[in-house]
There are 2 protein chains.
Amino acid sequence: MTMSSNAGGRRKPPTIHDVAREAGVSRGTVSRVLNGGHYVSPAAREAVDDAIRRTGYVVNRHARSLITGRSDSVGFLLTEPQERFFEDPNFNVLLSGCTQALARHDIPLLLMLAGTKEERRRITRYITAGHVDGVLLVSSHSGDPVAEELRAAGVPLVACGKPIGLGSKVSYVAADDRDGARDMVRHLLAVGRRRIGMITGPLDTPGGVERLAGYKEILTEAGIAIDEALVVSGDYSKASGEAGAERLLAQAPDLDAVFVASDLMAQGVLAVLQRAGKRVPDDIAVGGFDDSPAATAVTPALTTIRQPWDRISTEMVRVLLAQIGGEDPAAVILPTELVRREST
Amino acid sequence: MTMSSNAGGRRKPPTIHDVAREAGVSRGTVSRVLNGGHYVSPAAREAVDDAIRRTGYVVNRHARSLITGRSDSVGFLLTEPQERFFEDPNFNVLLSGCTQALARHDIPLLLMLAGTKEERRRITRYITAGHVDGVLLVSSHSGDPVAEELRAAGVPLVACGKPIGLGSKVSYVAADDRDGARDMVRHLLAVGRRRIGMITGPLDTPGGVERLAGYKEILTEAGIAIDEALVVSGDYSKASGEAGAERLLAQAPDLDAVFVASDLMAQGVLAVLQRAGKRVPDDIAVGGFDDSPAATAVTPALTTIRQPWDRISTEMVRVLLAQIGGEDPAAVILPTELVRREST
DNA sequence: TCATGCTCTGTGAGCGTTCACAGTAGAGAA
DNA sequence: TTCTCTACTGTGAACGCTCACAGAGCATGA
């Protein structure tokens, strides 16, 4: 009741010194128990553990970082248009997956949004100054100056999706876009479709390119010639899906299926088909990509390709930590999965 | 070419000592320039600024924190079911708004997700150990043990939305739910509706309660008796919107409008009404709440109440920083806005 | 016996800052 | 002149931790 009241202000937390005194050992021994704990006797370890519990000791990370040179934290960096990611729920799954995977290693995640030029400058300084040990990068597309600068500065870096123009020195984790596209087109063939159109993603991104490649690959394999009138390009947005569907309907009235490179675009496609009086999947089958919530929000529910976002995030963290630990950059490609619903 | 190559590893960054030497002054003077900069001559200041630029010096935050006791960082804490927030794009707007507002003060944001019990424990320790100076709290509903513990520990705390069961000692920033509801019901009356139903939000949250209160208030004011058969409760989810709409249609076939406490629920309502052959807004007008992307994704586009998420985030940061600076807790209520579209 | 190795422990130094304090120089007042 | 005040500057100590090192105790082998 006397000094134990902490009403109002925060009291000074116990230090490693207090723990050492409490346990009847030296600072060094406490420190050894805290980190790995080699070369410490069972008796000492127990005494220290007890003392830690009694005092409620938590290591002061600033003091530790000051001497180790590590910050024991990593940045989650989102460059370029944020709106794009913000309307995509997969982004949240990725962010939360990374946060939780890091939490398991007791490493906090710093969120960094590089929107304006000023923010980009600040973030670059912050990172290159060593305030984080590494960076999880979500860059929209091509040549990202921030990422390039970080790479040049030797900051451990793991990108989500294959980055463009960063050389081969940067790690990345990506879903197998091409194989996902192959699965979808194979599926459309399997349900009897032959005039299969495609609305692509942005072709300045590896994802966009790969999905298109998978589409062409399977059609060719099936002995179906690629009809360029059946391929229109989009940018993953709902609006571009609508535009693409309209062009496609105009250019190829005999279309009986369309593979759309994102669920968001597919949502737009469904709207256009409905207005045009086409029944899905009876007249035209529609396949999406992403398995975003949009896929189940629409009617008919969308057949789509699921990207393993949970695994992507844990892999990104694993690769980053390995790289911080001194290992070489690595590329990880993860398998996708066809999710069949009502639209095919 | 000799030592200037930094291929591979990172080189040791310049310290305040290097800057002092370079500028021909002492550490103390450099430090004074860095912080506020009182009692430093123009000449010295200029020399230091120059030296900082030349050396590319960035302050070592760990060393600073070690002595000041501040961490100069804040946590963004999300407790309870994350899925709920993750499907809500407003969450992203809030998160990004807070991140950017903090960035302007050069304060990094640490993302903390308290899902499991284990995570809760870790996060509580982390925060009470003083590893962050304050916390932006997004708690779903009632009695949150983490929040309560933080409050008790005297950690500066600002909640998004009025928190329940935390006493009056905790700051919060919220939209004016009641007034938003009032606006919507007034609007429904203005377009000639009289049998106005409501699907509420969870009634163990202030938001849910307030929106219901606003609804009842305006109807009473207009001389319309509250018909309990017209009020069903939901939990903001799409599924509960569908269920609510079905009950409402069954209980009150003469319904001519419904005020739905979230856009997501309204999405479900529209689906049910369509299946039931009701035209919107001709037969039944539908009003939502949130102005989420869902509002424009559906047909007809939803008339709804916009919450000022951008202002909410900047206000949360402002209040938190003030509180960290020693000011008293504060409550901020921000006005909402009616957005008229096609559904009313 | 002494040397060697192994496990375990304590000690001092130092990481890069800020802060309190002491001290200097110059201006103005007595 | 001398004293005081103000504006500015430098210095040592400390923040809490880890790390390298030295050394103690004990067992093993020559």
Side-chain angles (χ1 to χ4, degrees), chain A residues 10-49 51-52 55-73 106 125-126 128-133, chain B residues 10-52 55-73 106 125-126 128-131 133:
Chain A
R10 300 205 236 172
R11 84 159 353 76
K12 204 168 187 183
T15 74
I16 202 172
H17 224 106
D18 300 324
V19 175
R21 189 162 16 82
E22 183 82 12
V25 298
S26 70
R27 294 173 354 252
T29 300
V30 177
S31 179
R32 273 183 289 264
V33 171
L34 253 40
N35 311 302
H38 289 300
Y39 290 108
V40 40
S41 69
R45 179 192 311 275
E46 199 175 332
V48 169
D49 281 340
I52 288 178
T55 55
Y57 170 78
V58 179
V59 66
N60 180 324
R61 300 171 86 105
H62 302 303
R64 170 184 287 174
S65 293
L66 182 55
I67 190 161
T68 61
R70 282 174 285 117
S71 72
D72 290 317
S73 68
D106 211 24
R125 291 210 109 195
Y126 189 91
T128 52
H131 292 326
V132 292
D133 295 338
Chain B
R10 301 205 236 170
R11 85 158 353 77
K12 204 167 186 185
T15 73
I16 202 172
H17 225 107
D18 300 324
V19 175
R21 192 164 13 83
E22 183 82 12
V25 299
S26 71
R27 294 173 356 253
T29 300
V30 177
S31 178
R32 272 184 290 265
V33 171
L34 254 40
N35 312 302
H38 288 300
Y39 288 110
V40 39
S41 69
R45 179 191 312 275
E46 198 174 333
V48 169
D49 281 340
D50 260 24
I52 288 178
T55 54
Y57 170 78
V58 179
V59 67
N60 181 323
R61 299 171 86 107
H62 301 304
R64 170 184 286 174
S65 292
L66 182 55
I67 189 160
T68 62
R70 282 175 285 116
S71 72
D72 290 317
S73 69
D106 210 22
R125 290 210 112 195
Y126 190 90
T128 53
H131 292 325
D133 296 338

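Chain identifiers are assigned alphabetically (A, B, ...) following the order of the sequence lines, protein sequences preceding nucleic acid strands; residue numbering begins at 1 within each chain.
- Residue H131(A) contributes atom NE2, which lies 12 Å from atom C1' of dT17(C) at whole-angstrom precision.
- Of the side-chain N and O atoms in S26(A), one or more sit less than 4.0 angstrom from OP1 or OP2 of dG10(C).
- Pairing each heavy atom of L66(A) with each of H62(B), the nearest pair is N-CB, 4.1 Å.
- Side-chain atoms of T55(B) and D18(B) form no donor-acceptor pair, as typed in the model, at a separation below 3.5 Å.
- The main-chain N or O of R64(A) is found under 3.5 Å from a side-chain atom of T68(A) such that the two form a donor-acceptor pair.
- Rounded to whole Å, atom P of dC8(C) lies 9 Å from atom CZ of R45(A).
- From the 5' end on, the contacts that DNA chain D makes with chain B at under 4.0 Å to a non-hydrogen atom open and close at dA7(D) to dG16(D).
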Should S65(B) and R70(B) be marked as a side chain to side chain contact (heavy atoms under 4.5 Å, CB included) after you check the CA-CA gap, both sets of side-chain angles, and the distance that decides it?
CA-CA 5 Å; S65(B) 292; R70(B) 282 175 285 116; 5.7 Å; no
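- If H62(B) and R32(B) are placed on DNA chain C by their nearest nucleotide, the residue sitting closer to the 5' end is H62(B).
- When the P atom of dT11(C) is taken as reference, atom CD1 of I16(A) falls 14 Å away, rounded to whole Å.
- Between the side chain of R61(B) and the base of dG16(C) there is no donor-acceptor pair of N/O atoms closer than 3.5 Å.
- Counting heavy atoms from C-beta on, the side chains of R32(B) and T29(B) come closer than 4.5 Å.
- When the C1' atom of dT17(C) is taken as reference, atom CG of N35(B) falls 9 Å away, rounded to whole Å.
- When the P atom of dT17(C) is taken as reference, atom CZ of R64(A) falls 20 Å away, rounded to whole Å.
- Taking atom CD of E46(A) as the reference point, atom P of dC8(C) lies 15 Å away to the nearest angstrom.
- OP1 or OP2 of dC8(C) has not a single side-chain nitrogen or oxygen of S41(A) nearer than 4.0 Å.
- When rounded to the nearest whole Å, the span between CZ of R27(A) and C1' of dG14(C) equals 11 Å.
- Taking for each of V58(A) and G24(B) the nucleotide of DNA chain D with the nearest heavy atom, the 5'-most of the two is the partner of G24(B).
- Mapping I67(B) and G28(B) onto DNA chain D via the closest heavy atom, the residue that lands nearer the 5' end is G28(B).
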For the pair D106(B) and R61(B), evaluate salt bridge (charged side-chain N to carboxylate O under 4.0 Å, His left out) and give the outcome as yes or no after the intermediate values.
CA-CA 11 Å; D106(B) 210 22; R61(B) 299 171 86 107; 3.7 Å; yes
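- The shortest distance between side-chain heavy atoms of T15(A) and V19(A) does not fall below 4.5 Å.
- At dT17(C), none of the side-chain N or O atoms of T68(B) fall inside 4.0 Å of OP1 or OP2 (strictly under the cut-off).
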